[in-house]
Every structure is written in structure tokens, then in C-alpha cells.
*Asks:* 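Pasting a structure below so you can have a look.
Letters A, B, ... mirror the listed sequences (proteins, then strands); counts begin at 1.
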Amino acid sequence: MFALIDCNNFYASCERVFQPGLNGKPIIVLSNNDGCVVARSNEAKALGIKMGVPVFQIEGIVKQHKVSVFSSNYALYGDMSRRVMNTLATFSPDIEIYSIDEAFLNFDGFVHCDLEEYARRIRQIVLQITGIPVSIGIAHTKTLAKMANYYAKRIPDYGGVCILENETQRTALLKNMPAGEIWGIGRKYAALLEKHRIFTAWEFTRASPLWVRKEMTVVGLRVQQELCNLRCNELELHTSPKKAICTSRSFGCMTADFGIMYEAVASFTAQCGYKLRKQSSCANLLTLFIHTNPHRTELPQHAESITLTLPVATSDTGELCRYAEIALKKIFKEGYHYKKAGVIVSGIVDKGEVQGSLFDEENRTKNEKMMETLDKINLRYGSHTLKLAAQGFQKKWKLRQERLSPAYTTRWDHLIEISG
DNA sequence: TCTGGGGTCCTAGGACCC
DNA sequence: TCTGGGGTCCTAGGACCC
């Protein structure tokens, strides 16, 4: 059996751990730049606040019901996630960390174990150690474990744990699950299924596999088979290096200034370089994209991207930044107010497998040493201790984060103080 | 005034090989 | 009227996930 453990309203729960006065009250967490709602406590969900809505559209509800609003605090959520995962890892030799707030555990071979009792113990221990409430779904396939989790969250009688053990139960739960809620069925496929009068997970399992294969590719077919209790996906126990790495941000305010844009782009590029080095990779391609604010229809719009092929794959921040500058000069246009930029590095290879060039003028050994040193210093003294001058010092493009909570668990100066 | 960020996999079609 | 067969690699675009 596989178990899917999913943190309840994760970001909202993280905020509550350090402000327990908010328990039982509606709270929401916003996306970067304080744009959209990305997490809601149950009380906020009950008020009808939908996932992904721009916060300015629900100002009335927020004021009227005194909803607590938070900017995204990834330092906090990342650290809390690590604590939850470390705790979960003590319950099975095999764990796949699927996202910041979810993990699969492998219970294959746990034959002499009362899984329900075990799952309840996991919930209790995670809550005790981290303060984060979780829900647990257990089934023979990942997709069914996801479904079980869906019910564990929604049906109070389950008490946060749902185990799919027999056919009768599997059928019953499939019949109650809307097709669009199935893991792997997104908006487009849900609409397609609806058009063919398939409304529930059960009806989806009854559809012709040939038809599913044709309309939804082999991916859809796997989903169907997994719902029928046939395993198509195993746990992924080893993290493989990323095939593309992206760093992008919307700016706190729009800018028409090349210098400010370049500082932003250099910062994103430096971040990409760091991520590359962290997984011992080099990139052959660098893509830069920039665009204006598509919601400001009264302003002239410009969106463009460009991909440069690097002469030799690299993870050197300085070298990457030189190409990013060339890219920006090619697509930046005067007179437009840009809102967002991003850098993607791809064509990723292991740093030991970089194809050299006869005409290479870089001193790669020296550069690598320098980057190593830079990373070490930044790891020890904080991520912005040492950087390229090109990244600038003013950060005029910076995110809006007006409701940011303290980094309670990762900064000494943000530690909670208790007064007698 | 204000609308997120970072990924993966699959397929079709074109270019190319012998 | 006839004009092979079997393949690989790459990319863009579309679907999905959190």
C-alpha cells in the first residue's frame, strides 16, 4: 500500500503555528507580490473565498469578516516543510517528497501492522512535533491514495485517515468523486469528459481504454488504470536533477528603465546559476522573457522571449549574466512599462559531461573555484552577502510583501520573544 | 492601485540518417 | 502507373501538477 500524507491548508497552518490566536479564525495567504489567494484556512474557505482569486476582488469579505491576510513567507514554509518531511521519514524506509506539503510513503510489506492505527499515530506525531495537521489517504496505487486523501480531508467521520481496502469501498468512493477532482485530470480533460457525459471517477473507469488512450494520451490511460487498482506509477525515491530551471518574478511596480530591468534580470540569472551549481549541472541554453502588464489594457503591450545557445555549457554566474545582458539588449524596447521578467536555463548536463570547445576563452577551473567560494560565503553569512555589482543594490523592482510574518524558524532576530 | 512561480511529461511533425 | 523501409533527434505546443 501507498500512503499520501498531505498537510492541511499548509501555508495557512504554518502561520497559525506561531500565532495560535488565529486558530478557528479565517486566514488567507497571498501569492508573491501579494497578488492572489494561494492558501486558505477552512474558515476562509467557508466564507466562499476561492483559490487563486486576486485579493483586491475580495476586499469586502476580508474587511467584513476580519480575515487575517499574509504575504507568502517561503523561508518559513520551506523550513516547516523540511520538519514535516523529516518526521514522516521516520515512519517508512521509502518516502517520496512530492511537493512542499505532500509526501508518499511506501507501506508495502507492512503486513503485521494495523495501518489505520499507524496512520493515526503519524498524524498525532507530526502534529506534536511540527504543529501542522495532516490528512492521510492509503491505497494500492498513488492515484487511489490521492483519492483516499481527498475523502480523508472532506469527510469528518474519517478523522483525517482514509484507507481503501476493498472493492466495495473503492467503487463507492469512485462513484462520489467528480471526474475533475481526479489527480491528473485538469480543466481541459474535465471539460472533454463532461462533453462525453463522464461526470464521476467511476464513469471514467468504465470508459473504453482505447478511447481514453486516443483522447488523453498514455497519461490519461495510466490514470484510468490506477483508478482500477493497477499500479502504473511507483514511488520516486531519488531526486533527479532538473531539466530546466527558471527564476522569474513580477515586479512590485512597473518599470520602463533598462538599468532597473537589467538589475532584475542579473539577479534572476544569478539565482539560476546558484540552482545549477547546487545540483552539479551546467546549462547550454539561456532563455530570457520579459513582458508588460497584460491587465493594464490601456497601456501599450510588449511580450517577448529569446533563447541563446551558449558556446560551452556553464553554471558560472558571471558568464551567464553576460549572455543575459546580450539577450535583454535584444528584446528590451524603450517606452514600455515592464511588469515581469524571467530567466530559464535549459539544455542541462552534468558538470562532468560538459562538451568543451577548441575556441573556449574562459578559465573554467578558476571560475568554478570562484563560484564555489561565493556559494560558501553566502551559505554561511546569508544569501546576499556576495553578489555581482550588476545585480544592483536598490532592488527597485522588488516584490510587494506588505503582510510578511517573521521568519520564526530561520532567523535569530525573528525568534519569538516571550515575556513573563 | 492591485492579477504567482516553478516544474514535468507526451505528442506531432520536421529534419535528418542509412 | 510506378516512386522503400526503418529509424533518431529536436522542438513547439499542450496537457498536467503543486
*Asks:* Is the phosphate of B:dC9, meaning OP1 or OP2, less than 4.0 Å from a side-chain N or O of A:R222?
*Replies:* no
*Asks:* Expressed in angstrom and rounded to an integer, what is the separation of A:R213 atom CZ from B:dC9 atom C1'?
*Replies:* 13 Å
*Asks:* Could you check whether atom NE2 of A:H414 has more than 12 heavy atoms from other residues, nucleotides or ligands sitting under 6.0 Å from it?
*Replies:* yes
*Asks:* Does A:K45, at its NZ atom, have more than 12 non-hydrogen atoms belonging to other residues, nucleotides or ligands within less than 6.0 Å?
*Replies:* yes
*Asks:* If I take atom CD in residue A:E402 and atom C1' in nucleotide B:dG4, what distance separates them, rounded to the nearest angstrom?
*Replies:* 16 Å
*Asks:* Expressed as a whole number of angstroms, how long is the span from A:K278:NZ to B:dG6:P?
*Replies:* 14 Å
*Asks:* Tell me the closest heavy-atom pair linking A:S315 and A:L276, and the distance in Å.
*Replies:* CB-CB, 3.9 Å
*Asks:* Please name all residues satisfying side-chain hydrogen bond (donor to acceptor under 3.5 Å, both in side chains) with A:E116, sequence neighbours left out, ordered by chain then number.
*Replies:* A:R120
*Asks:* Would you measure the distance from the P atom in B:dT3 across to the matching atom in C:dC18 and give it in whole Å?
*Replies:* 25 Å
*Asks:* Report the residues that fulfil side-chain contact (heavy atoms from CB on, under 4.5 Å) with A:R82, sequence neighbours left out, ordered by chain and then residue number.
*Replies:* A:D79, A:N86
*Asks:* Once you round it to whole Å, what is the distance between P of B:dA12 and CD of A:E215?
*Replies:* 12 Å
*Asks:* Name the stems that DNA chain B belongs to, where each is three or more consecutive Watson-Crick or G-U pairs with both distances under 3.5 Å?
*Replies:* B:5-18 with C:5-18
*Asks:* Between A:Q401 and A:D34, is there a side-chain donor-acceptor contact under 3.5 Å, judged purely by atom types and distance?
*Replies:* no
*Asks:* Once you apply a heavy-atom cut-off of 4.0 Å, does A:V53 come out as touching a base, just sugar-phosphate, or nothing?
*Replies:* nothing
*Asks:* Tell me, which pairs form a ring-ring contact (aromatic ring centres under 6.0 Å, His included) where one or both residues lie in residues 199-240 of chain A, sequence neighbours left out?
*Replies:* A:H196-A:W211
*Asks:* Can you tell me which residue pairs pass the side chain to side chain donor-acceptor pair (under 3.5 Å) test with a partner in residues 337-350 of chain A, sequence neighbours excluded?
*Replies:* A:H302-A:Y338
*Asks:* Please check if the distance between the ring centroids of A:F110 and A:Y118 is under 6.0 Å.
*Replies:* yes
*Asks:* Rounded to the nearest angstrom, tell me the gap between atom CG in A:L221 and atom C1' in B:dC9.
*Replies:* 15 Å
*Asks:* If you check the A:K242 side chain, which of B:dC10, B:dT3, B:dG7 turns out closest?
*Replies:* B:dG7
*Asks:* Please enumerate all residues that pass side-chain contact (heavy atoms from CB on, under 4.5 Å) together with A:T373, with sequence neighbours excluded.
*Replies:* A:I377
*Asks:* Just to be sure I understand the geometry, which residues of residues 56-80 of chain A put a non-hydrogen atom under 4.0 Å away from DNA chain C?
*Replies:* none
*Asks:* Just by distance, do the side chain of A:N9 and the backbone of A:S41 share a donor-acceptor pair under 3.5 Å?
*Replies:* no
*Asks:* How close or far is atom P of B:dC2 from atom CD1 of A:I28, stated in whole angstroms?
*Replies:* 18 Å
*Asks:* Summarise how protein sits on nucleotides 13-18 of chain C as a single string, 5' to 3': B when a protein heavy atom is under 4.0 Å from the base, S for sugar-phosphate-only contact, - for no contact.
*Replies:* --SSSS
*Asks:* Scan residues 255-274 of chain A for pairs that pass ring-ring contact (aromatic ring centres under 6.0 Å, His included), counting only residues two or more places apart or in two chains.
*Replies:* A:F258-A:F332, A:F268-A:W397
*Asks:* Mind listing the residues from residues 243-264 of chain A sitting with a heavy atom below 4.0 Å of DNA chain B? Number order is fine.
*Replies:* A:K243, A:A244, A:I245, A:C246, A:T247, A:S248, A:R249, A:S250
*Asks:* Which residue lies toward the 5' end of DNA chain B, A:K275 or A:R400, if each is placed at its nearest nucleotide?
*Replies:* A:R400
*Asks:* Determine yes or no for a side-chain-to-main-chain donor-acceptor pair under 3.5 angstrom, with A:Q301 supplying the side chain and A:R296 the backbone.
*Replies:* yes
*Asks:* In residues 332-359 of chain A, what residues come within less than 4.0 Å of DNA chain B, judged by heavy atoms?
*Replies:* A:K339, A:K340
*Asks:* Checking salt bridge (Lys or Arg N to Asp or Glu O under 4.0 Å) for the pair A:E362/A:R322: CA distance, chi angles, key distance, verdict?
*Replies:* CA-CA 13 Å; A:E362 296 287 331; A:R322 289 206 302 279; 2.4 Å; yes
*Asks:* Tell me which residues in residues 281-311 of chain A put a heavy atom below 4.0 Å from DNA chain B, sorted by number, or none.
*Replies:* A:N293, A:H295, A:R296
*Asks:* Would you say that more than 12 heavy atoms from the other residues, nucleotides or ligands in this model lie under 6.0 Å from the CZ of A:R154, or not?
*Replies:* yes
*Asks:* Within the 4.0 Å heavy-atom criterion, would you say A:N32 contacts the bases, only the backbone, or no part of the nucleic acid?
*Replies:* sugar-phosphate
*Asks:* Is A:R40 positioned over the aromatic face of A:Y11, cation under 6.0 angstrom from the ring centre and no more than 45 degrees off axis?
*Replies:* no
*Asks:* Is the backbone of A:V134 close enough, under 3.5 Å, to the side chain of A:R123 for a donor and an acceptor to pair up by distance?
*Replies:* yes
*Asks:* Just do the side chain to side chain donor-acceptor pair (under 3.5 Å) check on A:S92 and A:D94 with the steps written out, would you?
*Replies:* CA-CA 5 Å; A:S92 167; A:D94 296 333; 5.4 Å; no
*Asks:* Does A:R231 pair with A:D108 as a salt bridge, N-O distance under 4.0 Å?
*Replies:* yes
